[in-house]
Amino acid sequence: MTTSLERLQQAIPATAASLPPVHLWQPELSGDIDIEIRRDGSWWHEGAPIKRQSLVKLFASILRRESDGYYYLVTPVEKWRVRVQSLPLLVVDFSLEQTPEGDDVIVAKTNTQRSIPVCADYPLFFTDALDEDEPTLAIGLENGLAAQFTRAAWYRLVEASEERDGQHGIESAGLFFPLEA
């Protein structure tokens with residue numbers, strides 16, 4: 001029997017089930033490739049921006065972060081290390097959805113047009129990966145990845161927040177996620 005959250009995930013395009021199984025691919029390191037994902041979410045190759053969004057989406061679908069802290073583009077036969085300035089993806093917007101049972105779910109939308117439900121599998125957390133004065137909100141993804149909230153998405157989320165037991169946060173998929181580090 002599928003849960004309401006599983007049904008919601010199935011209805012959202014580009015969930016983990018539709019991504020390539022990079023966690024199963026274990027090729028030897030092919031080397032470094034001159035690709036950099038900048039802090040603003042833009043992808044660059046050999047010093048020039050990658051302008052084709054379809055290519056960025058493809059690369060993002062085969063990206064993973066390994067235990068050594070580096071990011072790699074992985075195929076069944078190749079593994080290329082890339083540079084990432086902060087976090088590789090951005091949450092540019094979100095919507096508030098409801099499951100058929102009436103549970104509220106936040107669905108984050110990334111800069112690669114992926115929709116991700118905020119839940120136990122994809123939790124919100126604060127990170128200092130951006131080297132700013134204050135931690136930044138992010139959502140955890142599969143394959144060691146995360147997406148940081150843009151300032152606009154963060155402000156919208158704060159506006160939708162509520163206070164519980166003296167702490168501001170937001171509920172999604174039956175879980176309360178604090179919005180204070």
Side-chain angles (χ1 to χ4, degrees), residues 5 8-9 12-16 19 22-23 35-45 49-51 53 56-74 81-97 104-181:
L5 182 58
L8 180 63
Q9 285 179 301
I12 297 171
T15 62
L19 295 173
V22 297
H23 62 287
I35 290 179
E36 179 178 47
I37 306 170
R38 296 200 174 163
R39 183 183 183 125
D40 65 359
S42 62
W43 291 59
W44 293 68
H45 179 247
I50 299 174
K51 295 182 179 181
Q53 184 65 16
V56 170
K57 286 173 69 171
L58 171 68
F59 285 159
S61 74
I62 60 169
L63 183 69
R64 77 174 176 216
R65 185 176 190 199
E66 295 188 357
S67 60
D68 62 6
Y70 290 102
Y71 292 86
Y72 299 90
L73 295 176
V74 182
R81 186 175 22 237
V82 299
R83 294 181 314 280
V84 177
Q85 286 185 346
S86 58
L87 295 177
L89 300 167
L90 300 175
V91 173
V92 295
D93 202 3
F94 70 90
S95 60
L96 299 172
E97 308 289 334
D104 291 327
V105 177
I106 298 165
V107 178
K109 185 174 182 181
T110 69
N111 58 320
T112 58
Q113 305 304 309
R114 194 167 157 219
S115 297
I116 304 149
V118 174
C119 59
D121 290 337
Y122 303 107
L124 297 181
F125 68 96
F126 283 92
T127 179
D128 57 2
L130 306 179
D131 296 325
E132 292 187 355
D133 293 336
E134 295 183 17
T136 302
L137 188 68
I139 184 171
L141 305 173
E142 59 286 308
N143 301 315
L145 302 179
Q148 72 188 36
F149 275 69
T150 62
R151 188 174 309 273
W154 162 250
Y155 286 148
R156 282 195 57 231
L157 196 63
V158 168
E159 286 177 13
S161 72
E162 60 182 289
E163 187 175 339
R164 284 192 191 169
D165 300 323
Q167 191 170 37
H168 276 86
I170 194 144
E171 185 172 326
S172 183
L175 300 171
F176 186 75
F177 294 93
L179 295 182
E180 301 169 330

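Atoms considered below: every heavy atom in the structure, side chains included; atoms not considered: hydrogens, waters and symmetry mates. Here the structure is a predicted model, which means the values were calculated and not measured.
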Self-check item: Spatial distance of atom OG1 (T150) from atom OH (Y155) [nearest 0.5 Å]
Solution: 10.5 Å
Practice problem: Could you check L89, L141, V74, I37 and say which one makes a side chain to side chain contact (heavy atoms under 4.5 Å, CB included) with L63? | Solution: I37
Quiz item: Do T112 and V56 come close enough that some side-chain heavy atom pair is under 4.5 Å?
Solution: yes
Self-check item: Results of side-chain hydrogen bond (donor to acceptor under 3.5 Å, both in side chains) for R65 - residues two or more places apart only
Solution: none
Quiz item: What pair of heavy atoms forms the shortest contact from E97 to S95, and how long is it?
Solution: OE2-OG, 2.7 Å
Quiz item: Around D165, counting heavy atoms of other residues, nucleotides and ligands shown, do more than 12 lie under 6.0 Å from its CG?
Solution: no
Quiz item: Which value, rounded to the nearest 0.5 Å, describes the distance between N143 atom CG and I62 atom CD1?
Solution: 11.5 Å
Quiz prompt | Stepwise side-chain contact (heavy atoms from CB on, under 4.5 Å) test for L90 and T110 | solution = CA-CA 5 Å; L90 300 175; T110 69; over 6 Å; no
Practice problem: Step by step, work out the side-chain contact (heavy atoms from CB on, under 4.5 Å) result for V22 and E142. | Solution: CA-CA 10 Å; V22 297; E142 59 286 308; over 6 Å; no
Quiz item: Do H45 and I50 have side chains that get closer than 4.5 Å, going by heavy atoms?
Solution: yes
Exercise. Report the C-alpha distance between L124 and F149 in whole Å, list the side-chain angles of each, state the deciding distance to 0.1 Å, and finish with yes or no for side-chain contact (heavy atoms from CB on, under 4.5 Å).
Key: CA-CA 10 Å; L124 297 181; F149 275 69; 3.6 Å; yes
Quiz item: Pick one: which of V118, V91, L137 meets side chain to side chain contact (heavy atoms under 4.5 Å, CB included) with L157?
Solution: L137
Practice problem: Taking all heavy atoms of S86 and all of Q148, pick out the closest pair and write down the distance. | Solution: OG-OE1, 3.5 Å
Exercise. Could you tell me whether the side chain of L145 reaches within less than 4.5 Å of the side chain of P88, counting heavy atoms only?
Key: yes
Quiz item: Any idea which heavy atoms bring F125 and A146 closest together, and the distance?
Solution: CZ-CB, 3.8 Å
Quiz item: How long is the span from the CZ atom in R38 to the CH2 atom in W44, to the nearest 0.5 Å?
Solution: 4.0 Å
Quiz item: Looking at CZ of F177 and CD of E171, how far apart are the two atoms once the value is rounded to the nearest 0.5 Å?
Solution: 9.5 Å
Quiz item: Checking side-chain contact (heavy atoms from CB on, under 4.5 Å) for the pair Y122/V107: CA distance, chi angles, key distance, verdict?
Solution: CA-CA 10 Å; Y122 303 107; V107 178; over 6 Å; no
Quiz item: Can you name the residues that form a side-chain hydrogen bond (donor to acceptor under 3.5 Å, both in side chains) with E162, not counting sequence neighbours?
Solution: R164
Quiz prompt | Minimal non-hydrogen separation, S172 against I106, with atom names | solution = OG-N, 2.8 Å
Exercise. Write down the atom of Q85, the atom of E36, and the distance for their closest heavy-atom approach.
Key: NE2-OE2, 3.5 Å
Practice problem: Please confirm whether the backbone N or O of F94 pairs with a side-chain atom of R156, one donor and one acceptor, at under 3.5 Å? | Solution: yes
Practice problem: For residues A120 and P123, report the shortest heavy-atom separation together with the two atoms involved. | Solution: O-CD, 3.7 Å
Exercise. Give a yes or no answer on whether the side chain of D68 reaches the backbone of Y70 with a donor-acceptor pair at less than 3.5 Å.
Key: yes
